Amino acid sequence: MRVKILRQNNPYSKPYWQAFKYDGDMNVSVAAVLEYLNYNDDVKDENGHHADVISWECSCLQAMCGGCAMVINGKPGLACDTFLRDLKGDELVLEPLRKFPVISDLVVDRGIIQENLKKANAYIGEYEHDDKYSQDLEYQIGRCLKCGLCLEACPNYVKGVNFYGALFANDSYFINARRKSDKESVKKNYDEHFAKGCSKSLACEKVCPVNIPTLASMARMNRL
Amino acid sequence: MTKVLIIGSGISGLTCAIECASRGISTILVSPFPSERAQSVLAAGGINAVLRTDNGDSIEQHIKDTLNGGCNIAGVKAVTGLCSEAPDIVRWLEGLGTVFSRDKESKIMQRPFGGQTYPRTCFAGTSTGKQIVTALVMETRRYEGKGLIERRFWTDFYGALIKDKTCYGALLYNEATRTLESVTADAVVIATGGQNRMFSKTTGSTQCDGYAAGKLFEQGVELKNLEFIQYHPTAIETDRKNMLISEAARGEGGRLYYEDGGKRVYFMEDKFGEKGNLMPRDVVSKTMYETGRDIYLDVSFLGKAQILDRIPEVYDLCMKYRGLDITRESIPVKPSVHFFMGGIAVGLNHMTNISNLYAVGECASIYHGANRLGGNSLLAAVYSGRTAAKDIASRKVEQEPSDWSEFASREQGRLEAIREAEGAVFSVHIKNMLRENITGSLGIVRSEKEIDKSIEVLDHLIDVETSGMVRYDSSELEYFNYSLGGILKLGKAMLVCARSRCESRGAHLRSDYPEREESFKKATIISYDEGEFNTRLVGEDAYEG
């Protein structure tokens, strides 16, 4: 199989395409292909020339950490959660997420996610348990990987300047459901940094690797 | 103390940061990636605490179970502290917003785990670690807003700033600028997890490589009990890793068996009775190993509704990675490296043998003896972070400003030399050989012969590394290059500890010394002195007095 990767040495250098030959097991994930290319032997491109190690972020290898989010054959996904058997065609094309600055190769800087949550004071503060909120939805939201796939897929999210995207909408519901006081400021931030800019394409729900039902969070927040 | 530097942002690092900041201490929290990537998010099953006593349970019983589960070499004082604070810790986590699973009366649910006399594992589905991380990250953000916690990402540990057995800060590698920076602090807390990456396939994160412990060992920090490596009995093998089938699957009633002539043999129940499937992990893994058979875990009889309600992540991962429907089929399981009971030796306050240097979480060794009980690791991660923070806050000492720029520039020179080294042996081959040897000789059952063979290989690899014969990959981050030496030292230290314990106890089983020996009812301490790896056995008082 031919593996084509959009590469970039550092944040300031020009991106370029490089192709590799993969002749390993086809019943594996994209993450396994990257590990194979990097560590099975010295890294060589499809013409047998020496190539730099392919940078990509990875920790859990089982869709629980969100590190390996990238664009796979044109679609945003987790490398460890996307399997060769499910891909069409005989070429695998890998690109870094496009909405975040590239650090090197497939590694991007998703620091804006943390920054925006910090700006919006996304924390509970004083906790209060209230049975009227949905424990199931809170559990789902608590599993958010902060991988950025929902932002990558979203037609409204650009660089996170004003619109913070689905992960923020979900965290807003989570915080609102669990904090004791000043729920108004949560709603105000939600309106300002999410509701106002969302065109409800729901691309975020479709791409979420842990299936967070963002629409459910939105429905509950919009009712407030 | 007024300024703290914490290396690692999983559950123990986050907890320590929150507990320092809440006491007004200025805290820098360093990690290459955000906490969502930490191994803590993989912790599935739950956290132990005695929340009710009407069923006969008590804190004393939790202490007793933990000590017995650890084969009676953990310190009584340490374990007493851990178990006594557990109920408060669960309430604290709940108060930070952790989504614990609740019963109809809205009480936190508890399930039985291995080695427990009463069910005391509180849980959040089967993603307890992840739910705790979510809550702690939010609370950390609160103190970030107040300017009390500064988070630094894309930053790796290089080494500690140590002079005359006192720590003054750490040298950090900035991945963006590819340079070293010395950061001084009144206290440094290491929270870097275990060393899964040293083995071929484990249930853990690829980020946990053991470098920090190995580097500190070189710098004079004592390590402890490295021979005790937990093989979790139930992992399912996939192409890149062994994925954990949470103990919750057996806590909910799952049964282990093998097939013999078309019949199922429930060997754990046959050998240990009704609670056989929930024996401590070392006992289950050993018994599985001794059968010499393919082992299966059956949960299908619980029914789809209960499986999806109580162990949904187990269902999902089997379906996704193996196409296995556990509501209808049994799970092929095998023991896998999962947790390290050994690590950096610490006292009751979590300080190491170097003043002002602390270790917390899995990289520290204190509570679990020769075998950890399920549900006690999340507890120890939180408890250790809290305990270190309390001790730091209680100390009045403030360090004099010290200048480490000369040291930093010397080490920067070393980094550059590594970048340009043109040795003959590719670093990737050294790492592969290390992994192969450690995996091969530190299995469930070990022998002196295998360990010695591995030590010989490691000695050679260390020689290659120290004599500049390695060809590093200049396209890799320097971290992956400079970390090699520390990782190799830790690898050898693990082997030396395993060789020195001439008995079988807990997770350390020796084919050449199959019995437990009273004379080894102690902890192994290993220290490094100019290339020498020295071990000694110590009692509880050495570190916990």
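Proteins come first, then strands; the chains are lettered A, B, ... in the order of their sequence lines, and each starts at number 1. As the structure is a prediction and not an experimental result, all values here were calculated from the model.
Among E144(B), E175(B), E313(B), R151(B), the residue making the largest number of heavy-atom pairs under 4.5 Å with chain A is E313(B). No other option in L117(A), I124(A), N121(A) has as many heavy-atom pairs under 4.5 Å with chain B as L117(A). The candidate from E138(A), K119(A), K146(A), R179(A) with the greatest count of non-hydrogen atom pairs under 4.5 Å with chain B is K146(A). The greatest number of non-hydrogen atom pairs below 4.5 Å with chain B, out of D109(A), N9(A), I113(A), is found for D109(A). Put simply, of A135(B), A124(B), G145(B), P34(B), the one with the most heavy-atom pairs under 4.5 Å next to chain A is A124(B). Chain B forms the most heavy-atom pairs under 4.5 Å with one residue out of Q135(A), K118(A), Q114(A), Q62(A), and that residue is Q62(A). When each of M243(B), R102(B), K431(B) is checked for heavy-atom pairs under 4.5 Å with chain A, R102(B) comes out on top. When each of Y321(B), F100(B), F33(B) is checked for heavy-atom pairs under 4.5 Å with chain A, Y321(B) comes out on top. Ranked by heavy-atom pairs shorter than 4.5 Å toward chain A, the options H429(B), Q131(B), R197(B) are led by Q131(B). Of the residues considered (N10(A), I175(A), D25(A), D81(A)), D81(A) shows the highest number of contacts with chain B, using heavy-atom pairs under 4.5 Å.
Contact annotation for K241(B): only side-chain heavy atoms (C-beta onward) come within less than 4.5 Å of a heavy atom of chain A. Heavy atoms closer than 4.5 Å to chain A are found in the side chain of N432(B), but not in its backbone. Looking at C80(A), both its backbone and its side chain come within 4.5 Å of chain B, counting heavy atoms on both sides. Using a 4.5 Å cut-off between heavy atoms, S35(B) makes no contact with chain A at all. With a threshold of 4.5 angstrom between heavy atoms, S106(B) approaches chain A through side-chain atoms but not through N, CA, C or O. With a 4.5 Å cut-off on non-hydrogen atoms, T140(B) does not touch chain A at all. Using a 4.5 Å cut-off between heavy atoms, F480(B) does not touch chain A at all. The contact between V428(B) and chain A is made entirely by side chain atoms (from C-beta outward), counting heavy-atom distances below 4.5 Å. For A63(A), the parts lying near chain B are the backbone and the side chain together; criterion is any non-hydrogen pair under 4.5 Å. Using a 4.5 Å cut-off between heavy atoms, L42(B) touches chain A through backbone and side chain atoms alike. Residue S29(A) touches chain B through both its backbone and its side chain, counting heavy-atom pairs closer than 4.5 Å. Residue contact with chain B, scored on non-hydrogen atoms closer than 4.5 Å, involves the side chain of I103(A) exclusively. Heavy atoms of L96(B) lying under 4.5 Å from chain A belong exclusively to its backbone.
R178(A) and E128(A) are not joined by a salt bridge, as no carboxylate oxygen comes within less than 4.0 angstrom of a charged side-chain nitrogen. The pair R91(B)-E94(B) fails the salt-bridge criterion, with no side-chain N (NZ, NE, NH1 or NH2) lying under 4.0 Å from an Asp/Glu carboxylate O. K180(A) and E126(A) are joined by a salt bridge, as a carboxylate oxygen and a charged side-chain nitrogen come within less than 4.0 angstrom of each other. Taking a cutoff of 4.0 Å between a charged side-chain nitrogen and a carboxylate oxygen, E139(B) and R141(B) do not qualify as a salt bridge. For the pair R37(B) and E57(A), the salt-bridge criterion is met [side-chain N within less than 4.0 Å of a carboxylate O].
For T128(B) (side chain) and F123(B) (main-chain N/O), no donor-acceptor pair under 3.5 Å exists by modelled atom type. A distance-only check finds no donor-acceptor pair linking the side chain of E478(B) to the backbone of T179(B) [under 3.5 Å].
Contact of the W154(B) side chain with the T177(B) side chain is not registered, since no non-hydrogen atoms from C-beta on lie closer than 4.5 Å. Within the 4.5 Å cutoff, no side-chain heavy atoms of H50(A) are placed close to those of V43(A). Side-chain atoms of M70(A) and W56(A), non-hydrogen and from C-beta on, do get closer than 4.5 Å to each other.
Side-chain polar atoms of Q140(A) and N211(A) form no donor-acceptor pair below 3.5 angstrom.
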Test side-chain hydrogen bond (donor to acceptor under 3.5 Å, both in side chains) on H232(B) and S336(B) and set out the steps.
-> CA-CA 5 Å; H232(B) 193 292; S336(B) 168; over 6 Å; no
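Taking a 6.0 Å sphere around NZ of K188(A), one finds it holds 12 or fewer heavy atoms contributed by other residues, nucleotides or ligands. When the shell of 6.0 Å around OH of Y12(A) is examined, it contains 12 or fewer heavy atoms from other residues, nucleotides or ligands.
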